[in-house]
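Before anything else, here's the structure in question.
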Protein chains: 4
Amino acid sequence: MAAAARVFSEKGFGGASLEDVANEVGMLKGSLYNYIKSKEDLLFAVVRPDADELLMKARRLSGTDLPASEKLRQIARVHVEIIDRKLPYVSVYVQEIAGRGISQEWTDMDREYMSLIEKAFMEGVEAGIFADDLDVRVATRCFIGSLNWMTRWYEPGDPVRARAVADQLADVFLAGALARSRN
Amino acid sequence: MAAAARVFSEKGFGGASLEDVANEVGMLKGSLYNYIKSKEDLLFAVVRPDADELLMKARRLSGTDLPASEKLRQIARVHVEIIDRKLPYVSVYVQEIAGRGISQEWTDMDREYMSLIEKAFMEGVEAGIFADDLDVRVATRCFIGSLNWMTRWYEPGDPVRARAVADQLADVFLAGALARSRN
Amino acid sequence: MAAAARVFSEKGFGGASLEDVANEVGMLKGSLYNYIKSKEDLLFAVVRPDADELLMKARRLSGTDLPASEKLRQIARVHVEIIDRKLPYVSVYVQEIAGRGISQEWTDMDREYMSLIEKAFMEGVEAGIFADDLDVRVATRCFIGSLNWMTRWYEPGDPVRARAVADQLADVFLAGALARSRN
Amino acid sequence: MAAAARVFSEKGFGGASLEDVANEVGMLKGSLYNYIKSKEDLLFAVVRPDADELLMKARRLSGTDLPASEKLRQIARVHVEIIDRKLPYVSVYVQEIAGRGISQEWTDMDREYMSLIEKAFMEGVEAGIFADDLDVRVATRCFIGSLNWMTRWYEPGDPVRARAVADQLADVFLAGALARSRN
DNA sequence: AATGAATGAGCGTTCATTCAT
DNA sequence: GATGAATGAACGCTCATTCAT
């Protein structure tokens, strides 16, 4: 599983051969079929647990009565924390599955995750703590894009930094770059 | 070229065969070799002009003495405008080249574009118009991630909307979601 | 085509590899795909023309107003003549397709051929020239079985002998082994 | 054994995997090797007992002083009876072994069975009860072909019908289809 | 006697690439 | 400039067989 995640994230799902995966674990490609039913199967098996975990945590946060800004911050933390811990897995998800209409099931997961974030943005607007001319759809997609893009630059293995990055990301989306006139 | 962009963006570079491309343009795959030297060649040819254009426009804007916030807004506009006009090409770039270390040349382009944006953020901080605790590296990468992620959700063909989306994106990154206390 | 017929008839369709076929014609197995779409495709292409020919000739004979015994004799001649001329092709048909429910189309062909022969037997019974206690279904199937079994013992390449064998086969089915009391 | 017969007769020897066989009997393919030495071994084991039985019974009948026509009738009965009782086994024999030169041993069995029948035909001719222009070789092969072809159409499990079919088959080969002028 | 895991060879198929015409 | 045919390597997958447990 970990080998597959590594190989898929390096070469892409299409570009990686099962022989590559098998070599990583020191067996022949045919032997993999004692564990998987097909290459696609392996892809889904690699990617599903963390996708499930993230969605579940986001659901839980969404159900909370935290203020919108706090919800978004926490979601960012959770998301980055998974990236930090399981980067190859998440990379594979982002590159091979997210936003591609692979199957109804995956499309539904994608959409639900997005709509949880969108709801947080909307709650913020409705509560008056977010600007009322905020374009919620665009903000949501940029928020997610920023998180997913981390798979292309974040260097994992440092939970403290993960937390810091998540907070900075949240700061940008909440307060923006401009200096606040505090008076 | 356009055919290749379409095919590569739909099926991915690895997943598309030269026969697919040839079919799109009504010839046999062998005949493509009258125009290209290799499949990889074709990939670069598809992607280069718009990458060049975007980089050049960003360079020009960066050299301006516009305020940092305006530079970022304009870069966003230019970037989104190209996405709107050439989505398949940009998609291929984002999925197959950006942030993968394909070659020194492409890595350099990537890096330069990123550093132009990072410079704008830094100028803003130095000029005091951006918050002085802004994490410039993170902000830059999120900015770019948000733009690149648009290739996964933006529906092209509407320059007016492209402009609007770019502005909303810039608004988020500049002012954030929180309502400003205007006084 | 001829190479495939030879190889399939020697090793069986399942036991033969496309590499075997390719070797017979001096190319690599991949090159076969310039001519066929799949291995199954090749099987059908090998087998169809003669199957069609035999069915058409049988239809024509069936439509005639020859006496039943003559119809059967002529069908036997036509059938054996094709075996003599195209043994490998017919062998493949008999071993891989006949009576196996490969597809509706082939099942229909099989059934039609059989029913043409059955009809001849029935005509003979109705006309009173065949014994009225003849079991038409069994006779038909034995007739066809005898012809198809020839693919396992007949040595082709001698049209004169083919004709003789067909006549002897017809004699057996018409007059049987017993000596007629000629009076 | 029965499982193997079923599987081989359904999918063919080449098309069936040992895993198919193992599944039928509720174990894993590896475990089969506690009972067999190889896949081919299994094939022979499946097929041998009934082949032996049929040959032995045919030998015994051949040694009798029954008239030729009665010998043939009895052989047909025995043959069809085995088909009725053990269709999958016989199917495998007919499709995978009969008339293919698998090994000397099997070829010998085939040949002996055929020559027993041929001898009966010859006896009939010599005794003057069969037509003296009967082509014994062809008649023999058609007789066997008719019997073997039954594996493709006969529906087993009804000994009474088996007996009837055998008799009808014998009637065809002895008396033919033509109505006898009884006088 | 059975399991689960591994092997190694082979197969059907795809595809980038070449090249004579 | 295009075609059609060929190549050679790779790939996903299957399977008979082996073997330690």
Side-chain angles (χ1 to χ4, degrees), chain A residues 4 7-8 11-23 25-43, chain B residues 4 7-8 11-23 25-43, chain C residues 4 7-8 11-23 25-43, chain D residues 4 7-8 11-23 25-43:
Chain A
V7 172
F8 288 166
K11 312 197 170 186
F13 176 71
S17 80
L18 287 185
E19 200 165 4
D20 295 332
V21 178
N23 284 343
V25 296
M27 57 165 84
L28 299 177
K29 60 181 171 169
S31 310
L32 289 178
Y33 284 82
N34 285 318
Y35 306 93
I36 62 171
K37 277 177 54 183
S38 72
K39 196 191 181 192
E40 244 200 351
D41 223 61
L42 179 55
L43 171 61
Chain B
V7 172
F8 288 165
K11 312 195 172 186
F13 177 70
S17 79
L18 286 185
E19 198 164 9
D20 294 332
V21 177
N23 283 345
V25 64
M27 56 167 80
L28 299 179
K29 58 180 172 176
S31 311
L32 287 179
Y33 283 80
N34 289 318
Y35 306 91
I36 63 172
K37 276 178 52 186
S38 73
K39 196 190 180 190
E40 242 198 354
D41 223 60
L42 178 55
L43 171 62
Chain C
V7 172
F8 288 166
K11 311 197 172 188
F13 176 71
S17 81
L18 286 185
E19 201 165 4
D20 295 331
V21 177
N23 284 343
V25 296
M27 55 166 83
L28 299 177
K29 60 181 172 168
S31 310
L32 289 178
Y33 284 80
N34 285 318
Y35 306 93
I36 61 171
K37 279 177 53 185
S38 72
K39 195 190 181 192
E40 244 200 350
D41 223 61
L42 178 55
L43 171 61
Chain D
V7 172
F8 288 166
K11 313 195 170 186
F13 176 71
S17 79
L18 285 185
E19 198 163 9
D20 294 332
V21 177
N23 283 344
V25 65
M27 55 167 80
L28 299 180
K29 59 180 171 175
S31 311
L32 287 179
Y33 283 81
N34 288 317
Y35 307 90
I36 62 172
K37 277 178 52 186
S38 73
K39 196 190 180 191
E40 244 199 352
D41 223 60
L42 179 55
L43 171 61

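Lettering of chains follows the sequences in order, A, B, ..., and the numbering in each one begins at 1. Note that the structure is predicted; figures quoted are calculated from it, not measured.
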So, is Tyr35(A) close to the dA6(E) phosphate, meaning a side-chain N or O under 4.0 Å from OP1 or OP2?
yes

How many whole angstroms separate atom CG of Leu28(B) from atom C1' of dG4(F)?
7 Å

Using atom CG of Asn34(B) as one end and atom P of dG1(F) as the other, report the distance to the nearest whole Å.
6 Å

Rounded to whole angstroms, how far apart are CE on Met27(A) and C1' on dC13(F)?
16 Å

Of all heavy-atom pairs linking Ala16(B) and Phe8(B), the shortest is CB-CD2, 3.8 Å

Keeping the roles fixed (side chain from Lys39(D), backbone from Ser17(D)), state whether a donor-acceptor pair exists under 3.5 Å.
no

What are the two closest heavy atoms between Leu28(A) and Ala22(A), and how far apart are they?
C-CB, 3.6 Å

Provide, to the nearest angstrom, the distance between the CG atom belonging to Asn23(D) and the P atom belonging to dT3(E).
11 Å

What is the distance, rounded to the nearest whole Å, between atom CG of Leu32(C) and atom P of dA6(F)?
9 Å

Base-contact (B) and sugar-phosphate-only (S) positions in nucleotides 16-21 of chain E, heavy-atom cut-off under 4.0 Å, - elsewhere:
BBB---

Take the protein atom CG of Asp20(C) and the nucleotide atom P of dA9(E), then report the distance between them rounded to whole Å.
18 Å

If I take atom NZ from residue Lys29(D) and atom CG from residue Leu32(D), how far apart are they, to the nearest 0.5 angstrom?
10.0 Å

Tell me every residue that passes salt bridge (Lys or Arg N to Asp or Glu O under 4.0 Å) with Lys11(A), counting only those two or more places apart in sequence or in another chain.
Asp20(A)

Check against side chain to side chain contact (heavy atoms under 4.5 Å, CB included), Tyr35(D) and Leu42(D):
CA-CA 9 Å; Tyr35(D) 307 90; Leu42(D) 179 55; over 6 Å; no

Given atom CZ of Phe8(D) and atom P of dC15(F), what is their separation to the nearest angstrom?
13 Å

Please tell me which of Gly15(D) and Gly15(A) maps to the more 5' nucleotide of DNA chain F, matching each residue to the nucleotide holding its nearest heavy atom.
Gly15(A)

Base-pair string, DNA chain E, Watson-Crick plus G-U, cut-off 3.5 Å on both distances, | for inter-strand, is .||||||||||||||||||||

